[in-house]
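All ligand and atom numbering here is 1-based and tracks the order in the structure.
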Amino acid sequence: MTLPHLPRDISRRTRLLKDGHSGNGPVIYWMSRDQRAADNWALLAAAHAASALSRPLRVFFCLAPAFSGASSRHYGFLAEGLRQVAGSLAAKNIPLEILTGKPGITAGKRAHSMNAALIVTDFDPYPEKRSWKTELLKTASCPVAETDAHNIVPSWIASPKKEYSAATFRRKVSPLLPEWLTDIPEIEPMPPMNMEGAAPFAFPGTFPASLSAPDTGDPLEWITPGEHAASERLRIFLREGLERYGQERNDPGLDGLSGLSPWLHFGHLSAQRAAFAVSATPETESSKAFLEELIIRRELADNFCHFEEAAGTYGGLPEWSRKTLDAHRKDSRPVLYDIHTLEKARTSDPLWNAAQREMTSRGKMHGWARMYWAKKILEWSPSPEEAFITALFLNDRYELDGRDPNGIAGISWAIGGLHDRPWPERPVFGTVRYMNYGGAARKFNVKHYIQKIDSLVSTNL
Ligand code: FAD
Ligand code: FO1
């Protein structure tokens with residue numbers, strides 16, 4: 001089967017993963033990474049395919065019982081976001097069905113039971129998600145397509161290979177942006193009959209207690225899940241934060257970041273929507289710095305996970321850094337902390353402890369602090385391999401935006417020099433870039449940041 005005719009801006013973001021027997025049943029969008037009704041290229045692809053084939057459109061979301069160390073804080077955020085998506089989709093006569101079980105297999109079997117004509121999935125190179133997709137391709141009898149609804153330039157178009165650095169990736173992506181950084185069409189309502197015979201929207205049991213999600217405390221008060229809150233945050237950032245971003249983003253004591261990552265991670269906000277809105281404002285150093293992070297750094301992380309089989313493991317780090325870390329494996333560490341001491345923020349470094357407490361209590365550590373935080377774990381762990389595992393575990397256990405290619409790339413950068421270059425050689429780090437308290441104190445008011453976290457954590461805002 002070739003894909004049904006789709007409008008050009010949708011078809012060029014979509015690729016056929018598998019051909020198969022196109023049944024006389026519905027077209028299905030298996031929603032996973034991009035959990036939103038608006039600005040969702042994968043949903044648009046499925047809706048246009050359903051209209052072209054004159055078939056109903058169905059949307060599935062498969063609730064995995066456990067996902068990369070996700071806790072109740074994450075499943076709660078996800079669930080509330082999905083509840084809003086269900087309402088937005090129903091307003092367009094599009095039903096959302098929640099499935100439970102092993103996602104790839106469950107989606108394939110459900111589609112088979114409906115004699116589906118086509119399954120559209122959203123692109124996600126995150127290692128655990130790759131295996132879900134493999135299982136779907138084995139289970140689904142109908143054709144399966146994939147739409148990149150997360151990247152502005154689809155990952156397989158941005159580059160055919162793993163990029164060395166932001167510089168090499170930027171040289172490929174920047175010239176493509178005028179063509180790809182466009183507005184995103186609104187999805188048209190499906191005919192009311194599209195709701196006929198659809199399973200009603202419902203969550204299984206007492207969500208998320210029905211999942212084996214560990215509990216990391218109360219839902220976070222400071223952030224509201226879902227598309228509406230994400231759009232509101234983007235509006236406020238454009239109005240009040242963008243112009244300060246360039247100067248303030250590297251000072252964790254200030255509120256200089258966009259704060260968008262939880263919604264971007266769960267797909268409640270389209271990065272293309274955010275970038276398109278910023279590109280409509282007069283270009284400044286600040287807006288350029290923001291787009292560098294939002295487009296180049298973020299899409300470079302997907303490029304890494306897309307083309308590096310071992311992404312998310314120590315073996316996925318660049319050879320030069322594994323070599324230098326190995327050569328310094330026997331260097332004495334100034335101090336060693338086990339994961340419990342780290343998790344409870346009981347080291348002798350008040351800056352590091354503040355960053356850790358910001359993460360465990362708020363679910364979002366400041367971007368600059370994350371670099372310092374991970375690099376100290378390298379310095380305080382018995383081996384670089386253990387440091388990598390510890391940092392990724394804590395990041396994914398507590399960060400709202402964790403369990404993401406950005407986290408894999410961020411920790412691989414901090415501990416293993418991914419997308420970075422060799423620096424002057426020193427103990428433990430070898431030629432991996434080093435950061436220390438003195439460097440932080442030269443950059444910003446460390447005491448102010450520590451006080452800010454102390455007051456945040458005590459009032460548990
Ligand atoms: P802003 O500075 O406002 O950035 C806006 C958006 O740009 C972010 O939401 C993100 O999508 C993107 N972005 C910004 N910086 C980076 C970056 N360095 N790499 C990739 N994309 C970036 N980001 C995550 O989304 N999830 C993670 O688990 C994660 N773990 C990290 C771990 C370490 C050790 C490091 C050094 C960085 C990590 N990052 C991670 C990247 C970055 O720190 C966060 O994206 C950022 O702090 C999110 O907050 P914000 O949206 O307010 O940032
Ligand atoms: N994606 C799913 O399709 N089903 C899930 O049950 C699911 C749970 C989940 C929990 C926490 C979290 O941070 C992400 C989760 N995701 C889930 C994956 C997410 O949608 C992203 O695709 C990945 O995190 C990688 O980008």
Side-chain angles (χ1 to χ4, degrees), residues 30-35 60-79 81-82 98-104 106-107 121-130 132 150 166 208 211 213 233-234 237 241-242 245 248-250 252 255-269 271 274-275 278 289-302 304-305 355 359 364-375 377-378 391-392 394-396 398-415 418-419 435:
W30 173 23
M31 177 185 278
S32 178
R33 187 179 202 191
D34 295 282
Q35 298 162 28
F60 290 168
F61 183 87
C62 298
L63 212 42
F67 182 79
S68 283
S71 72
S72 52
R73 129 184 329 184
H74 310 109
Y75 275 102
F77 196 88
L78 179 147
L82 277 182
I98 303 291
L99 305 175
T100 52
K102 283 176 74 75
T106 310
T121 65
D122 44 43
F123 172 75
D124 190 349
Y126 187 72
E128 191 164 341
K129 297 293 286 300
R130 285 197 304 238
W132 293 6
H150 211 76
L211 300 160
R233 176 64 208 152
L234 174 61
F237 175 65
L242 181 59
Y245 182 78
E248 298 193 3
R249 66 197 177 109
N250 285 326
D255 286 336
L257 303 184
S258 69
L260 294 174
S261 64
W263 293 295
L264 288 168
H265 164 69
F266 282 99
H268 298 170
L269 174 68
V278 171
F290 181 72
L291 291 177
E292 169 70 11
E293 302 292 351
L294 179 68
I295 302 176
I296 304 302
R297 280 285 164 187
R298 192 183 53 86
E299 305 201 357
L300 176 63
D302 262 29
F304 176 62
C305 289
M359 177 176 74
K364 189 173 180 300
M365 188 192 297
H366 186 281
W368 187 92
R370 292 176 101 155
M371 299 190 277
Y372 179 82
W373 173 85
K375 286 183 177 290
I377 292 177
L378 171 60
L392 200 56
L394 292 174
N395 182 82
D396 289 356
Y398 291 104
E399 292 281 9
L400 264 181
D401 64 15
R403 302 154 307 286
D404 191 285
N406 285 348
I408 288 177
I411 283 158
S412 301
W413 173 89
I415 292 179
L418 177 72
H419 301 145
M435 289 174 82

Give the residue, atom name and distance (to 0.1 Å) of the protein heavy atom nearest [atom].
atom                    : value
atom 25 (C) of ligand 2 : D124 OD2, 3.2 Å
atom 23 (N) of ligand 1 : N406 CB, 3.3 Å
atom 6 (O) of ligand 2  : A64 N, 2.7 Å
atom 4 (O) of ligand 1  : Y245 OH, 3.8 Å
atom 3 (O) of ligand 1  : S258 OG, 2.6 Å
atom 24 (O) of ligand 2 : R403 O, 2.6 Å
atom 15 (C) of ligand 2 : F67 CD2, 3.5 Å
atom 19 (C) of ligand 2 : Q35 NE2, 4.1 Å
atom 28 (O) of ligand 1 : N395 ND2, 2.9 Å
atom 52 (O) of ligand 1 : G259 N, 2.7 Å
atom 8 (C) of ligand 2  : L78 CD1, 3.6 Å
atom 50 (P) of ligand 1 : K364 NZ, 3.6 Å
atom 31 (C) of ligand 1 : R370 NE, 3.5 Å
atom 11 (O) of ligand 1 : R298 CD, 3.3 Å

Do [X] and [Y] come close enough that some side-chain heavy atom pair is under 4.5 Å?
X    : Y    : value
F304 : P125 : no
M435 : W368 : yes
W132 : S32  : yes
F61  : L78  : yes
L82  : M31  : yes
H150 : D124 : no
L260 : L269 : yes
W373 : L394 : yes

Checking [X] side chain against [Y] main chain: does a donor-acceptor pair fall under 3.5 Å?
X    : Y    : value
R33  : F266 : no
H265 : G402 : yes
R403 : L400 : yes
K375 : A414 : yes
D396 : G69  : no
E399 : M365 : yes

Going by the atom numbers of ligand 1, which of them fall below 4.0 Å from some non-hydrogen atom of [X]?
X    : result
S261 : 9 (O), 48 (C), 49 (O), 51 (O)
M371 : 36 (C)
A374 : 34 (C)
G367 : 43 (O), 47 (O)
L264 : 9 (O), 11 (O)
G402 : 28 (O)
F290 : 3 (O), 5 (C)

Check this for me, if you would: do [X] and [Y] make a salt bridge, where the nitrogen-to-carboxylate-oxygen distance has to be below 4.0 angstrom?
X    : Y    : answer
D401 : R370 : yes
D302 : R297 : no
E293 : R249 : yes

| Taking heavy atoms and a distance under 4.0 Å, where does S32 meet ligand 2: side chain, backbone, both or neither? | both

| task | With heavy atoms only and a cut-off of under 4.0 Å, state how C62 meets ligand 2: side chain, backbone, both or neither. | result | backbone

Where ligand 2 meets [X] - atom numbers and elements under 4.0 angstrom, heavy-atom basis:
X    : answer
R33  : 20 (O), 22 (O), 26 (O)
Y126 : 25 (C)
L63  : 6 (O)

| query | K364 and S261: which non-hydrogen atoms are nearest, and at how many Å? | reply | CE-OG, 3.4 Å

Please report the interatomic distance [atom1]([X]) to [atom2]([Y]), rounded to the nearest 0.5 Å.
X    : Y    : atom1 : atom2 : value
I415 : L378 : CD1   : CG    : 6.0 Å
D122 : D34  : CG    : CG    : 4.5 Å
I295 : F290 : CD1   : CZ    : 9.0 Å

Does [X] reach ligand 2, in the sense of a heavy atom lying below 4.0 Å from it?
X    : value
F266 : yes
P405 : yes
H265 : yes
E128 : no

| Does A409 have a heavy atom less than 4.0 Å from any atom of ligand 1? | no

| field | Distance-only polar pair, side chains of Y126 and S68, donor-acceptor under 3.5 Å | value | yes

| query | Between P262, A70, G104, which one has a non-hydrogen atom sitting closest to atom 10 (C) of ligand 2? | reply | A70

| said: Please state which option from G256, A275, G410 has its nearest heavy atom closest to atom 37 (C) of ligand 1. | reply: G410

[X] and ligand 1 - part of the residue with a heavy-atom distance under 4.0 Å:
X    : value
R403 : neither
L300 : neither
D401 : both
E293 : both
W373 : neither

| Heavy atom of protein inside 4.0 Å of atom 34 (C) of ligand 1, strictly below | yes

